[in-house]
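Indexing begins at 1, ligand by ligand and atom by atom, following the structure's order. Please read these numbers as outputs of a predicted model, since none were measured by experiment.
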Amino acid sequence: MRYQGREVDIEGRVRLVMESALTARDRVGVQDFVLLENHNSEAAFIENLRRRFRENLIYTYIGSVLVSVNPYKELGIYSKQQMERYRGVSFYEISPHIYALSDNTYRAMRTERKDQCILISGESGAGKTEASKKILLYYAVTCPTNDRMASLRDCLLQSNPVLEAFGNAKTFRNDNSSRFGKYMDIQFDFRGAPVGGHILNYLLEKSRVVHQNQGERNFHIFYQLLDGADNDLLLSLDLERNPQKYQYLVKGNCPRLSSVSDKNNWKAVMTALSVIGFTEEEVQSLLNIIAGVLHLGNAQFGEGEEGETYITTEPQINNLAKLLAVDGCALGEALTHKKLTAKGEEMVSALSFEQAVSSRDTLAKAMYSRTFTWLVEKINQSLAPKDELHRSTKSSMVIGLLDIYGFEVLHHNSFEQFCINYCNEKLQQLFIELTLKSEQEEYETEGIAWETVKYFDNKIICDLIEEKHKGIISILNEECLRPGETCDVSFLEKLEDTLGNHPHFVTHKLANGKTRRVMSREEFRLLHYAGEVNYNVNGFLDKNNDLLNRNLIEVMCQSDNQIVRQCFCREEVVDQKRPEMAATQFKNSLMKLMEILMSKEPSYVRCIKPNEAKQPGTFDEVLVRHQVKYLGLMENLRVRRAGFAYRRRFEAFLQRYKPLCPDTWPNWRGSLADGVSTLVNHLGYKPEEYKLGRSKIFICFPKTLFNTEDALEAKKPDIALALQTSWRGYRERSKYQRIRHAVIVIQSAWRGMKGRRKARRRRQAADLIRSLIKGFIYRHEEYCPENAYFLDHVRCSFLKSLRKNLPKSVLDKSWPIPPPLCIEASEHLRRLQMRNMVATYCKRVQPEWKKQMQLKVTASEIFKDQKDSYPQSVGRLFLDSRLEREQINLKVAQTLGNDKVQYGVPVIKYDRRGFKPRPRQLLLTNTFAVLVDRTKIKQRFDYAALRGISLSSLSDGMVVLHMPSEDNKQKGDAVLQCSHAIELVTKLSLMAKKVNYVNISPGSIRFAVARGKEGIIDFIRGSEVKVAKGKRGHLLVTAPQINST
Ligand SMILES: Nc1ncnc2c1ncn2[C@@H]1O[C@H](COP(=O)(O)OP(=O)(O)O)[C@@H](O)[C@H]1O
Ligand SMILES: [Mg+2]
């Protein structure tokens, strides 16, 4: 994808192709000194700097070192777009920039996972602080963040205006000169997001609080407060707006600055304080101290007649006491007296006028510098990583940023300049150690053919200053501690005695005539790597001693101002041990700093000041040449040029680039050197492009490396793919293996179980069969173990089959055939079952049905096998009556009265004589029966008198009721024919209780016809029922044969 001629990669980063980045202007001069035609010529070097400076190209590389020339004007090259341009782009692909260095360092940290540091050096005003701010801003803008990190980012950025207000001042060389050293760690998490920060501060130039050189100012904050604060605030601090009113602000005679707006900066500082998280109370306490320092400066002393000192400006002291919330009297007393402990006794003695002034100034310096340290600590608290994980440095990486005061030569150089320049010597040492010296040593150990480059090693000067016993610091300390009369001059003499022969040390006495003229008697000169500096020994001892009167500390300890209370502690007074001297403290802190820097991978920014006048566009060649010289840039270039742009241990090189060659990917089995050699051959490196050392490869030109790096970048998707593929393959394979294994385990367990079960079943079956066979053999024996199972089984199976085949009804006579040994039980059961069925049947029978049954039983007793029509009648129900109630005449019913008709049936009555058939109704009551002809009862048969009932064996329906013949009332026997003869006879015989009186005659029935006369009825079989008069006056009844089925 292309955007405005730029190639934009997927992440939207603007990535410029090398050529397009080289705009016409960028081609002015060379952007890397390594590319200079004549790399030995200082003139060519400076000319390249000048040409680029003229075109506002302030950055140039020497290999990986960035040289920056202060433009003293805004260039518009620090925008967000510019940051995007440099983000993620290789160092040399694009024009030199502080952002390129920042990005490179960041990426090195991420890819190599090693802590980094950026060392910014150069003399005062060369642009170090600006450079460090640009780097910080770059990280703040380009690094990935989230909301929480955003607040950290704000704190990081806002710490600058605060520290600058309190720690920077206008000096002769720089309107915003840092008067303290600053080393800042930015902590990143594994994703490269900033998670914390930490600042170390070094030796604030506190003498500036009480004294400024002509044309210089005190620290910015004083002027910002007076200019920016509103009237109410000033009133509450008892301050006036005019800085000229304050003794501590008038020494340099420079209250205002054209380049800086104190008012605007005041606002910025106040905002920054609140962003960082200072409470209102803390800000108030802070301002009270600042105002307190101003009031303290205005405290004046008078000298009494007896030499005693007293305070002439009570209101100042009272203001101060109020602001610091301390006891005013005690403060006044402490400023004019000192407390001594001699032989365990405390003594108070008055101070001389000079001593009082000095103790006042010392207090002001102590208040200010300790407050500054407190401020840094406070900022550190808000920069501390919030996440517990990042508190330990193991889980995170760090980029350190060193912006420390640059080499400084003033008209009057004192203890502070001595310290500052000593610090610069140390940094130069580090630079030499890490670049020039180590580089050359490395070529030697690696056995690379190499022409040694000569350079000035400033170790000799470092030793001169810091060596134990013989160094300047040691001598100074000794002089401070030596009992007896000591003064700055005696210190100078001591120096002369001890260091007189040192090539880098000169004093007025030791110097030749020419030098003597430019040196005063109170000065000593050090020939620093960066130039000669004359130091005036005045004040060296005091500043090194840095002692504050004990009673002043005591007063301060009791302050109600929280910051003052934290800055001055009681232990100081109680602790008899003398604190380290200032110079020693500084030396120790520098040693620690060197350790920190040595543990990190360094990058360098070398700042150059183009002129002393802070003018844009002016290139002072002499000044620049001087800096180029002492910064060792030429040597740097020569080493670089003769050397190699890049070196890497074989294993690291091979590890990184092995995917680019099929022979080395994925693993090289042979020796490392062979591997690297195979790899570079495959990559087509020309012999002049690289050299192989003993353990490292050295690559001459950045371009070679970039091509390789580009190839790697292009290869990465393939590698990723290959890794993905093999990882996925591995994952799936192991998943498959796991599943397979599980399947096998389950299968074998299942098969085992199945097999065992089957075997068990077989065994059981065999046992069973065996016991059955045995049982069969012994089946006729008594019940014994041998046949127990068999017999049980036989019984059980019989019972089981019986259960299934039990007869369902009483009529069902089936029954399984029992085995011999169950015959008895079977019979028993059969009876039980039958009883059971009968009982069940009986329970179910209704009362009417029961009645019916009784009737049927009676019918059966009477007629079974006796009468032809019986079988037919069995299936027909006997009814309660064959006549409806209304069929019985009312009159008849009335005549019967209480004797209710239980049964009625139509009959045909044959006359006894003549056998004329007449239709009648036969009605049965409980005690008698009557024959009714419509309304008339024709004949009555008392049951008691009933002699018998006769029927034929045929199916003719003839019934003869025999009545006693001797009774005249009776009309004789009745010959009836009824279609329900069986029903009628059954009911009648039961009612009359004369069942035994029923007789069934097969051939003929005799009957009485009144008074001893007899009639006969003959029965014969015929084709149909026929009743007719027969021979001899008999009644002949013909009835057909009825199939009994
Ligand atoms: N990159 C730059 N662009 C514009 N002005 C700069 C740049 N670097 C420095 N300056 C100017 O130079 C002055 C001094 O720079 P500073 O960084 O304070 O010097 P040092 O910290 O080295 O003493 C700044 O106040 C600013 O005006
Ligand atoms: Mg600075």
Side-chain angles (χ1 to χ4, degrees), residues 49 52-53 55-60 66-79 82-83 95-102 118-138 159-184 199 201-205 208 216-217 219-220 257-262 264-265 268 401-410 416-417 420-421 423-424 427 530 604-620 623-624 627 630-631:
L49 268 188
R52 291 178 66 78
F53 181 73
E55 297 293 338
N56 288 332
L57 299 171
I58 60 165
Y59 296 117
T60 314
L66 180 71
V67 179
S68 156
V69 186
N70 187 348
Y72 282 120
K73 63 178 176 189
E74 291 307 322
L75 292 181
I77 55 169
Y78 302 110
S79 62
Q82 287 288 332
M83 291 184 187
S95 51
H97 200 290
I98 187 86
Y99 290 163
L101 181 106
S102 313
I118 301 176
L119 307 185
I120 310 169
S121 50
E123 64 186 65
S124 180
K128 299 181 295 297
T129 303
E130 289 299 320
S132 81
K133 286 197 270 188
K134 303 285 188 278
I135 295 170
L136 199 58
L137 189 67
Y138 181 80
S159 68
N160 263 331
V162 174
L163 290 179
E164 286 194 5
F166 286 84
N168 286 22
K170 175 198 160 36
T171 64
F172 176 63
R173 303 191 183 271
N174 183 352
D175 286 354
N176 182 33
S177 180
S178 320
R179 305 317 297 164
F180 68 105
K182 177 173 138 190
Y183 171 78
M184 179 185 230
I199 295 169
N201 60 318
Y202 296 95
L203 194 70
L204 181 77
E205 186 201 39
R208 184 168 296 274
E216 299 197 347
R217 295 209 309 177
F219 293 100
H220 293 324
L257 272 182
S258 55
S259 60
V260 183
S261 162
D262 289 324
N264 288 348
N265 284 347
L401 211 55
L402 182 72
D403 165 29
I404 209 155
Y405 13 59
F407 186 73
E408 206 165 61
V409 195
L410 306 177
E416 286 80 8
Q417 278 66 45
I420 289 174
N421 292 342
C423 166
N424 279 277
L427 287 175
Y604 294 95
V605 183
R606 307 293 253 168
C607 297
I608 289 179
K609 192 154 98 166
N611 61 70
E612 289 285 13
K614 307 166 198 165
Q615 283 287 313
T618 311
F619 191 86
D620 180 341
L623 187 70
V624 173
Q627 293 171 73
Y630 78 67
L631 286 173

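- Aromatic ring centres of His97 and Tyr138 lie farther apart than the 6.0 Å criterion allows.
- For the residues Lys614, Glu74, Lys133, Lys73, the heavy atom positioned nearest atom 4 (C) of ligand 1 is part of Lys73.
- For a distance threshold of 2.8 Å, the protein N, O or S atoms nearer than that to the Mg ion (ligand 2), listed by chain and number, are Thr129 OG1, Ser178 OG.
- Nearest heavy-atom pair across Lys182 and Leu163 is CD-CD1, 4.1 Å.
- Ranking the protein heavy atoms by distance from atom 21 (O) of ligand 1 puts Thr129 OG1, 2.6 Å first.
- The part of Asn70 lying near ligand 1 is the side chain, judged by heavy-atom distances below 4.0 Å.
- By the 4.0 Å heavy-atom criterion, Gly125 is counted among the residues contacting ligand 1.
- Under the rule for a salt bridge (Lys or Arg N to Asp or Glu O under 4.0 Å), the partners of Lys133 that lie at least two apart in sequence or sit in another chain are Glu130, Glu164.
- Residue contacts with ligand 1, taken as heavy atom pairs separated by less than 4.0 Å, involve Glu123 solely via the backbone atoms N, CA, C and O.
- Protein heavy atoms are absent from the space less than 4.0 angstrom from atom 27 (O) of ligand 1.
- Using cut-offs of 30° and 60° on the angle between ring planes, the pair Tyr630 and Phe407 is tilted.
- Closest protein heavy atom to atom 25 (O) of ligand 1: Glu130 OE2, 4.0 Å.
- Nearest heavy-atom pair across Phe219 and Ala169 is CA-CB, 4.0 Å.
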